[in-house]
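Chain identifiers are assigned alphabetically (A, B, ...) following the order of the sequence lines, protein sequences preceding nucleic acid strands; residue numbering begins at 1 within each chain.
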Amino acid sequence: MTHSKAKINRLTPTNEDTLGPYYPISLCDNDSMDMTKIRRGIILEPRGEKIVIEGCIKDINGNLANGCLLEFWQANADGIYRTPLTETHPKLDPWFNGYARHRTKDGHFSLKTIRPGINKGLEQPRAPNITLTIFSDGIMRVVTQLFFDGDPTNESDPLLLAIDENLRGRLMMKFAGATDDGLKKYTIDIIMAGDNETPFFDDLLS
Amino acid sequence: MTRYGRQIEIGPTDNTSNERTPRNRLHLIPEEARASFAPYAPYNYGINPGEADMTRLAPGRPRAEGDPIKVVGKVTDEFGRPIKNSLIEIWNANKYGRYTHIEDHSGLALDPNFLGIGRTLTDQNGNYEFWTIRPGAYLARPDINRWRPKHIHMSIRGGSSRMITQMYFRGDPYNDTDPMRILMGDNFDKNIGIEFETPEDDFDCGYKFDIVIGGRNPTFFEDI
Ligand SMILES: [Fe+3]
């Protein structure tokens, strides 16, 4: 990695800290767990297949982890993320931001979104995935990515290939039938610690 | 090939930390996947007037109980480059150690003039400023008499950077037994606000708290 050579001249980062139990719920008032509607009252919608992801965050004892702040981030139906670099990208979807934030009171979450696509322009295309950041009491930020169980592109995804084969299943969202609205529903349990622990990734050292 | 990063440690005497800290080392992210780990929050935040003044519920309202303090600082990446237009969310307990949060069941005194929630944006040079009341310590583990030292929670978000941290106060008698402080070791100094005298006499004092966001997240998009 080239960037590690410059380490000597760097400032020491401020320590991250826990979220604590009292993150102000009202600070999430303008956040939404419906990525298919970036504005209220508008009939236009993002491209792609609408889906629902239901999941929960569990602790080492299998209990639900309450009071976590969750951040979701994903590419649009063409595999393009909205970033400052893609503002003029022809395949950027004007009706899709790909960002959601939610404080879960009881450890459950439900995200309505579109199935992310594949950016075929990349040298090594990624399998469709959703990045999840968890802030919680007792621990600083942890990050991971969630994939679609059975998607053939999982076989060649560079992130999945970077972890042991027997851990890959823990990042899979499983198809779980249809919602009342007829959307495909996927489910996943995030296990923060212990047996069957979800693999988390190091975005400070990587 | 599996490559490993940091091992997150468990905060001593912190039950929640024990329950929620991953036991396995973090996995390193291959370069091809790196960009997908720098979420970008696309919103323009509408901050209302007075949100950075937590010493009052709203402009013109009476001041909350306790010592009004000013907190200022600069948010940068590891290279000292300012992080502009970042949303800073702030929350802290009142002078008695009580949060207005609906899940704070401590029974400590509430102050009707103190909400304990604020927001502000960093300017073009990465600087921020907010006013609050110096928080009280609170008893986090009554069973072992372990207190949380005075602290102010802060979340920094904008562009692809986001971090949650806490500002502590030098000399707090409960600093040494705080689980996360113990994990920080000598680097704890980075999380202490540096006291200064304010020219205005309606503050008890000011604290300078510069924030350096580590890793490639804050600058990822500028780097490529
Ligand atoms: Fe706190």
Side-chain angles (χ1 to χ4, degrees), chain A residues 3 9-27 30 59-61 63 65 67 71 73 81-85 97 99 122-124 126 129 131 133 135-143 145 158-159 162-164 192-194 197 199-206, chain B residues 1-3 5-6 8 11 14-24 26-30 32-37 39-43 76 78-80 89 91 99 101-104 117 119 153 159-160 162-166 180 184 187-188 190-191 211-217 221 224:
Chain A
H3 65 277
N9 291 325
R10 289 190 180 185
L11 301 170
T12 310
T14 307
N15 300 289
E16 295 191 41
D17 210 323
T18 78
L19 180 73
Y22 305 128
Y23 181 78
I25 296 165
S26 61
L27 291 178
N30 292 322
D59 69 15
I60 197 168
N61 301 315
N63 296 322
E71 263 189 358
W73 196 54
Y81 289 96
R82 181 182 289 276
T83 75
L85 288 183
N97 285 333
Y99 183 91
L122 293 177
E123 206 169 298
Q124 201 164 357
R126 299 293 317 282
N129 69 80
T131 302
T133 303
F135 301 92
S136 156
D137 188 23
I139 185 167
M140 69 271 207
R141 185 177 58 96
V142 289
V143 291
Q145 275 183 355
L159 189 79
I163 63 173
D164 281 347
M192 294 197 71
E197 181 176 300
F200 295 102
F201 294 87
D202 195 333
D203 67 348
L204 286 183
L205 290 188
S206 302
Chain B
M1 185 187 64
T2 302
R3 294 167 66 224
R6 288 170 293 146
I8 305 181
D14 185 336
N15 291 334
T16 313
S17 185
N18 183 50
E19 289 158 5
R20 300 187 184 182
T21 303
R23 297 310 197 260
N24 296 311
L26 302 178
H27 295 264
L28 290 177
I29 302 163
E32 302 80 17
R34 188 61 188 76
S36 63
F37 280 91
Y40 183 73
Y43 308 127
T76 65
E78 288 176 285
F79 302 100
E89 298 170 328
W91 65 106
Y99 290 89
H101 199 288
I102 196 165
E103 292 160 17
D104 182 343
I117 301 172
R119 296 193 306 169
H153 296 268
S160 55
R162 69 252 191 269
M163 93 170 326
I164 282 174
T165 189
Q166 299 180 29
M180 289 300 150
M184 289 176 201
N187 205 21
F188 178 57
K190 288 291 301 175
N191 287 56
I211 296 167
V212 179
I213 298 185
R216 285 195 287 166
N217 289 335
F221 294 109
I224 49 177

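Heavy atoms only, all atoms of each residue included: A/P158 and A/Q124 are closest at CB-NE2, 3.9 Å. Across every non-hydrogen atom of B/R20 and A/S136, the tightest pair is NH1-OG, 3.0 Å. For B/P22 against A/I139, the heavy-atom pair with the smallest separation is CD-CD1, 3.2 Å. The two residues B/I164 and A/T18 come nearest to each other via the heavy atoms CG2-O, 3.6 Å.
The candidate from B/N18, B/N15, B/I117 with the greatest count of non-hydrogen atom pairs under 4.5 Å with chain A is B/I117. Each of A/Q145, A/E16, A/E123 has some count of heavy-atom pairs under 4.5 Å with chain B, and the biggest count is that of A/Q145. Listed options A/L159, A/D59, A/D203 were ranked by heavy-atom pairs under 4.5 angstrom with chain B; first place goes to A/D203. Taking A/A65, A/G194, A/P199 one by one and counting their heavy-atom pairs under 4.5 Å with chain B, the maximum is reached by A/A65. Interface check for chain B: of the options A/E197, A/R126, A/R141, the most heavy-atom pairs under 4.5 Å are formed by A/E197. Chain A forms more heavy-atom pairs under 4.5 Å with one residue of B/R6, B/E32, B/M163, B/M184 than with any other, namely B/R6. When each of B/G5, B/G80, B/G11, B/A33 is checked for heavy-atom pairs under 4.5 Å with chain A, B/A33 comes out on top. Between chain A and the residues B/I8, B/T76, B/N24, B/I213, the largest count of heavy-atom pairs under 4.5 Å involves B/N24. The choice from B/T21, B/D14, B/I102 that makes the most heavy-atom pairs within less than 4.5 Å of chain A is B/T21. When the candidates B/T165, B/L28, B/N191, B/I211 are compared by the number of heavy-atom contacts under 4.5 Å with chain A, B/N191 comes out ahead.
The aromatic rings of A/Y22 and B/Y99 sit tilted relative to each other, their planes meeting at an angle between 30° and 60°.
Summarising the local packing, CG of A/N61 is surrounded by more than 12 heavy atoms from other residues, nucleotides or ligands at distances under 6.0 Å.
In this structure, A/R82 has no salt bridge (Lys or Arg N to Asp or Glu O under 4.0 Å) partners at least two apart in sequence or on a different chain.
Between B/Y40 and A/W73, a ring centre-to-centre spacing not shorter than 6.0 Å is recorded.
Taking NE2 from B/H153 and CD from B/E89, the interatomic distance works out to 13.0 Å, rounded to the nearest 0.5 Å.
Contacts between A/T131 and chain B at a heavy-atom distance below 4.5 Å involve the side chain alone, from C-beta outward. When heavy atoms are compared at a cutoff of 4.5 Å, A/N15 approaches chain B by way of both its backbone and its side chain. Interface residue A/F135: only side-chain heavy atoms are found under 4.5 Å from chain B. Contact annotation for A/Y81: only side-chain heavy atoms (C-beta onward) come within less than 4.5 Å of a heavy atom of chain B. For a residue to count as touching a neighbouring chain, one of its non-hydrogen atoms must lie under 4.5 Å from one of that chain's; by this rule A/E71 touches chain B with the side chain only.
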* **Stepwise side-chain contact (heavy atoms from CB on, under 4.5 Å) check, A/D202 with B/I29** => CA-CA 7 Å; A/D202 195 333; B/I29 302 163; 5.9 Å; no
